[in-house]
> 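Okay, here's the structure, questions in a sec.
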Amino acid sequence: MMSWEKPLMEAHAKALCAGGGDILNIGFGMGLVDTAIQSYQPALHTIIEAHPEVYKRMISSGWAEKPNVRIIFSRWQDALPSLGTYDGIFFDTYGEYYEDLAEFHKWLPQLLKPGGIYSFFNGLCADNAFFHVVYCQLVSLVLSQMGFEVQFIPLPIKECLDEKVWEGVSHKYWQLDTYFLPVCQKADEN
Ligand SMILES: C[S@@+](CC[C@H](N)C(=O)[O-])C[C@H]1O[C@@H](n2cnc3c(N)ncnc32)[C@H](O)[C@@H]1O
């Protein structure tokens, strides 16, 4: 997670927290999205994080003491049986693969409340514009077939990404000028 991603995380949090309620975030990382989620004062803010060092940092920086925060120190795959239902869900376990994201999507219908919003960090093939579009379409198709209304909101990011950002970074994992922020809404039952 790099600093240019902070405004993207804030945009994700805004989309997720639009309806208030209970929010689930998977993957704490630098806590950028969680910090933004907290600014919307969700009723309950559940965070799943698997890495011991990241978990240690969450504890030492006081996340466990926040009254509306519940931390689950676990891989999301193992935490699934202990989860409830949520008004907003964010998934960002960058480092895992598309297959993991696709596996998580199978659980969404039981994790998301009717009318709830799901989003994920959209780094799908972000080093190749052609394959990025293909993957976005694939995800859109799969989630639409599950009854979600899927939108990708274009956010221009070219200006945040001059060459200096990548100095000392071995793999320039982002090559696109636009970030397509996924907003997936589960149909309301009414
Ligand atoms: C890119 S970071 C998330 C960044 C975060 N969105 C932010 O705003 O700072 C990915 C995080 O997911 C965690 N993670 C990776 N695989 C996981 C898994 N299977 N279950 C839970 N957490 C996982 C990593 O330890 C890491 O902290």
> Taking the side chain as every heavy atom from C-beta outward, state whether Asp22 and Pro42 have any atom pair closer than 4.5 Å.
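Result no, sub-4.5 Å side-chain heavy-atom pair not found.
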
> Is Phe180 reachable from Leu143 through a run of I, L, V, M, F, W or Y residues, each pair having side-chain heavy atoms under 4.5 Å apart?
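Yes; tracing contacts between hydrophobic side chains, which count when under 4.5 Å, links both residues.
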
> Would a 4.5 Å heavy-atom cut-off, applied to side chains only, mark Phe91 and Phe121 as touching?
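The answer is no; the side chains never approach within 4.5 Å.
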
> Same hydrophobic cluster for Met9 and Phe120, using side-chain heavy-atom links shorter than 4.5 Å among ILVMFWY?
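The answer is no; the residues belong to distinct hydrophobic clusters.
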
> Determine, stepwise, if the pair Trp76 / Glu96 fulfils side-chain hydrogen bond (donor to acceptor under 3.5 Å, both in side chains).
CA-CA 11 Å; Trp76 64 263; Glu96 285 196 308; 2.9 Å; yes

> Do Leu108 and Leu80 sit in one hydrophobic cluster, given that two such residues count as connected whenever their side-chain heavy atoms are within less than 4.5 Å of each other, even indirectly?
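Hydrophobic grouping puts Leu108 with Leu80.
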
> Remaining members of Tyr97's ILVMFWY cluster at a side-chain heavy-atom cut-off under 4.5 Å?
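Joined to Tyr97, directly or through intermediates: none.
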
> For the residue pair His12 and Tyr179, is the inter-centroid distance of their aromatic rings smaller than 6.0 Å?
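Yes, the ring of His12 comes within the 6.0 Å limit of the ring of Tyr179, centre to centre.
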
> Please check: side-chain N/O of Gln185 versus main-chain N/O of Glu149, any donor-acceptor pairing under 3.5 Å?
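Answer holds: no.
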
> Any side-chain heavy atom of Ile37 within less than 4.5 Å of one from Cys17?
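The answer is yes; the side chains approach within 4.5 Å.
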
> Using the side-chain hydrogen bond (donor to acceptor under 3.5 Å, both in side chains) rule, take Glu49 and Asn25 through it: C-alpha gap first, then chi angles, then the decisive distance, then the call.
CA-CA 9 Å; Glu49 173 55 52; Asn25 175 43; over 6 Å; no

> Any chain of hydrophobic side-chain contacts (each under 4.5 Å) joining Tyr118 to Leu83?
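Yes, Tyr118 and Leu83 fall within the same hydrophobic cluster.
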
> After noting the C-alpha distance and the side-chain angles of Arg57 and Glu53, does the key distance pass the salt bridge (Lys or Arg N to Asp or Glu O under 4.0 Å) rule?
CA-CA 6 Å; Arg57 185 155 36 81; Glu53 290 304 317; over 6 Å; no

> Counting neighbours of CZ on Phe131 that are heavy atoms of other residues, nucleotides or ligands and sit closer than 6.0 Å, is the number greater than 12?
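No.
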
> Supply the members, apart from Phe73, of the Ile/Leu/Val/Met/Phe/Trp/Tyr cluster built from side-chain contacts under 4.5 Å; use none for a lone residue.
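In the cluster with Phe73 are Phe28, Ile47, Val54, Tyr55, Met58, Ile59, Trp63, Val69, Ile71.
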
> Rounded to the nearest 0.5 Å, what's the gap from CG on Asp34 to CZ on Phe90? Could you check?
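It is 9.0 Å, given to the nearest 0.5 Å.
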
> So, the side chain of His132 versus the backbone of Leu124: is there a donor-acceptor pair under 3.5 Å, distance only?
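Yes, the answer is positive, given that a donor and an acceptor are paired below the 3.5 Å cut-off.
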
> Under 4.5 Å between side-chain heavy atoms, hopping through other hydrophobics if needed: is there a path connecting Phe104 to Leu141?
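Phe104 and Leu141: separate clusters.
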
> Does some side-chain heavy atom of Asp92 sit less than 4.5 Å from a side-chain heavy atom of Val33?
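Side chain of Val33 against side chain of Asp92, heavy atoms only: no contact under 4.5 Å found.
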
> Answer yes or no: is there a donor N or O on one side and an acceptor on the other, between the side chain of Lys186 and the main chain of Pro109, under 3.5 Å?
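Pair found, side chain donor or acceptor close to backbone of Pro109.
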
